[in-house]
Protein chains: 2
Amino acid sequence: MNQVPPRTIVSRRSRPAKSPLSREAIVEAALAILEQQGEGGLSMRNIAKRLDTGAASLYVYFANTDELHAALLDHVFSEVVLPAQQGNWRDRLKDLLISYHGVLEARRGLAQLALSSIASGPNSLRIWECILRLLSEGGVGATTAAWGVDLLVLYVTSIAAEQALHTTDDRGLTRVASVLSAVTADEFPHLHRLRGDMISDDGPNRSQWAIDVIIDGLSARSPPA
Amino acid sequence: MNQVPPRTIVSRRSRPAKSPLSREAIVEAALAILEQQGEGGLSMRNIAKRLDTGAASLYVYFANTDELHAALLDHVFSEVVLPAQQGNWRDRLKDLLISYHGVLEARRGLAQLALSSIASGPNSLRIWECILRLLSEGGVGATTAAWGVDLLVLYVTSIAAEQALHTTDDRGLTRVASVLSAVTADEFPHLHRLRGDMISDDGPNRSQWAIDVIIDGLSARSPPA
DNA sequence: ACCTGAACACCGTTCAAGT
DNA sequence: ACCTGAACACCGTTCAAGT
């Protein structure tokens with residue numbers, strides 16, 4: 001009976017007490033904005049506004065926009081699932097890349113962001129290491145593996161970015177589609193014949209297929225001369 | 001003797017007579033800026049300044065920045081060399097992609113621009129058609145070919161963009177390099193062992209190798225189920 | 001050390017007014 | 001029809017001044 005009940009008036013405040021700034025809090029706010037407003041909302045001023053402060057305050061924690069973006073990317077890369085130890089190396093590599101792709105796809109604008117930044121945070125390192133391990137397990141030569149990591153990550157990021165461009169930008173795919181449908185069999189016979197296939201099935205099938213293509217290519221390749 | 005000699009004073013003016021605006025002239029100006037100042041200089045206001053006018057004038061010819069960028073891209077794609085009719089299809093496809101890569105590489109910031117726009121101008125169509133022709137010549141299935149076009153173009157663009165990021169941004173590669181050199185053999189054994197290879201030889205060898213990888217993968221693949 | 005308002009030098013886009 | 005200055009609503013980054 002000694003306990004004083006919490007004063008509900010405090011927790012009823014429409015705005016919670018302003019939490020202190022930190023790299024973590026800023027990244028969190030940026031992530032929330034990315035989800036709600038897409039890449040366009042990801043400005044210093046806008047992120048600062050959500051934290052009830054001015055843009056200048058963010059410069060205490062990040063030297064510039066690039067650095068904040070890199071931190072944001074590494075933060076979401078923590079969600080990438082590294083495959084278990086057992087099983088075929090190809091399947092596991094594929095799983096890893098699909099997980100990576102899924103993380104980029106899950107948040108609007110994230111893939112575009114990943115394309116324009118060079119991530120090299122701790123979670124990127126984890127992922128690179130895992131890909132290297134799987135490739136060397138598969139007997140891929142050292143140089144091929146080293147170059148392959150870069151290639152695989154870049155490639156999956158590009159696929160995600162392109163799909164995002166197609167799905168979010170109404171302009172994008174529609175314009176390509178209308179251009180393709182206007183193509184004549186005389187001028188561009190192959191385009192004309194395959195124009196249906198070129199736009200079709202922009203979903204998981206297509207990205208899985210694309211990942212298969214590059215893994216096939218990599219494992220077929222001997223180290224560069 | 002009736003002819004009046006041209007008044008040289010006119011042609012001696014330090015600034016040539018202001019040429020009339022046109023889509024062509026605007027794209028030309030944008031291209032010149034891209035070469036001199038990189039992607040950062042490619043703003044409506046800056047392009048307009050080079051043409052001795054205000055940004056508003058450009059909106060007579062282009063609905064927005066995206067449209068101007070697309071026109072700029074298609075303009076440079078006219079330089080892509082389509083391979084001759086004779087010869088092995090793989091070699092010809094490789095030549096085409098290397099030419100495409102070279103065009104993107106030749107101008108600072110162009111590859112980044114290509115990644116963020118969806119080009120669908122006449123020169124893109126020419127290139128797509130040619131790739132389709134080569135792939136079907138190589139016996140690649142219809143659906144694989146249709147998806148492959150997208151994939152190949154995207155892939156080569158990404159490679160060019162990444163190389164540009166590494167070469168122009170001093171920050172970029174240097175940061176990755178310093179992160180990699182700080183990696184310990186205990187935490188990340190594979191990264192540690194291959195860290196030298198991962199940064200090495202970011203030149204034509206690497207992009208040609210990357211192009212080989214994907215062509216191998218594509219030609220090994222049967223059409224998706 | 002951390003935070004901030006104000007300032008500087010920029011953006012894309014629109015629009016009323018001119019030719 | 002084409003062109004334009006001015007305005008609107010934004011940017012990133014810096015810096016002197018506050019705590």
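Since the model is a prediction, treat every value here as computed from it, not as a measurement. Letters A, B, ... mirror the listed sequences (proteins, then strands); counts begin at 1.
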For C/dT4, give the paired nucleotide (Watson-Crick: N1-N3 plus N6-O4 or O6-N4; G-U: N1-O2 and O6-N3; both under 3.5 Å), or none.
D/dA16
With rounding to the nearest 0.5 Å, note down the distance linking CG in A/Leu72 to CD in A/Glu67.
13.0 Å
Please give the nucleotide sitting opposite D/dA9 as a Watson-Crick or G-U wobble pair, both distances under 3.5 Å, or none.
none
Output yes when at least one side-chain N/O atom of B/Thr65 is less than 4.0 Å from OP1 or OP2 of C/dT13, else no.
yes
Side chain of B/Arg45, backbone of B/Gly54: donor and acceptor closer than 3.5 Å?
no
What integer distance in Å separates A/Leu51:CG from C/dT4:P?
10 Å
Rounding to an integer number of Å, can you tell me how far B/Leu58 CG sits from D/dA1 P?
20 Å
Is it the case that the side chain of B/Asp74 and the backbone of B/Asn123 share a donor-acceptor pair, with hydrogens and angles ignored and the cut-off at 3.5 Å?
yes
5'-most contact on DNA chain C (nearest-nucleotide basis), A/Ser57 vs A/Arg45, goes to A/Ser57
Nearest-angstrom distance from the residue atom CG of A/Asp52 to P of C/dC3:
13 Å
Nucleotide by nucleotide, 5' to 3', does protein get under 4.0 Å of the base (B), only the sugar-phosphate (S), or neither (-) in nucleotides 14-19 of chain D, counting heavy atoms?
BB----
Taking atom P of D/dC3 as reference, at what distance in whole Å does atom CD1 of B/Ile47 sit?
16 Å
Which whole number of Å gives the distance between the P atom of C/dA9 and that of D/dA9?
23 Å
Taking the nucleotide of DNA chain D with the closest heavy atom to each, which residue, A/Gly41 or B/Gly54, is nearer the 5' end?
B/Gly54
Which of the following nucleotides, D/dT4, C/dT4, D/dC11, is nearest to the side chain of B/Thr53?
D/dT4
Measure the distance from CZ on A/Arg23 to P on C/dC2 and round it to the nearest whole Å.
12 Å
Can you tell which of C/dT13, C/dG12, C/dT4 lies closest to the side chain of A/Leu21?
C/dT4
In plain terms, say whether A/Arg107 and A/Glu79 are close enough for a salt bridge, that is, a side-chain N and a carboxylate O under 4.0 Å apart.
yes
Find the distance B/Glu67:CD to C/dG12:P and express it as a whole number of Å.
15 Å
Quick check for you: to the nearest 0.5 Å, what is the distance between B/His192 atom NE2 and A/Glu129 atom CD?
11.0 Å
In a check of side-chain contact (heavy atoms from CB on, under 4.5 Å) between B/Tyr100 and each of B/Asp95, B/Thr157, B/Val81, B/Ile131, which one passes?
B/Thr157
For A/Glu187, is there an ion pair with B/Arg126 - N to carboxylate O distance below 4.0 angstrom?
no
C/dA6 P sits how many Å from A/Met44 CE, rounded?
20 Å
Separation of C/dT13 C1' from B/Phe62 CZ (nearest whole Å)
16 Å
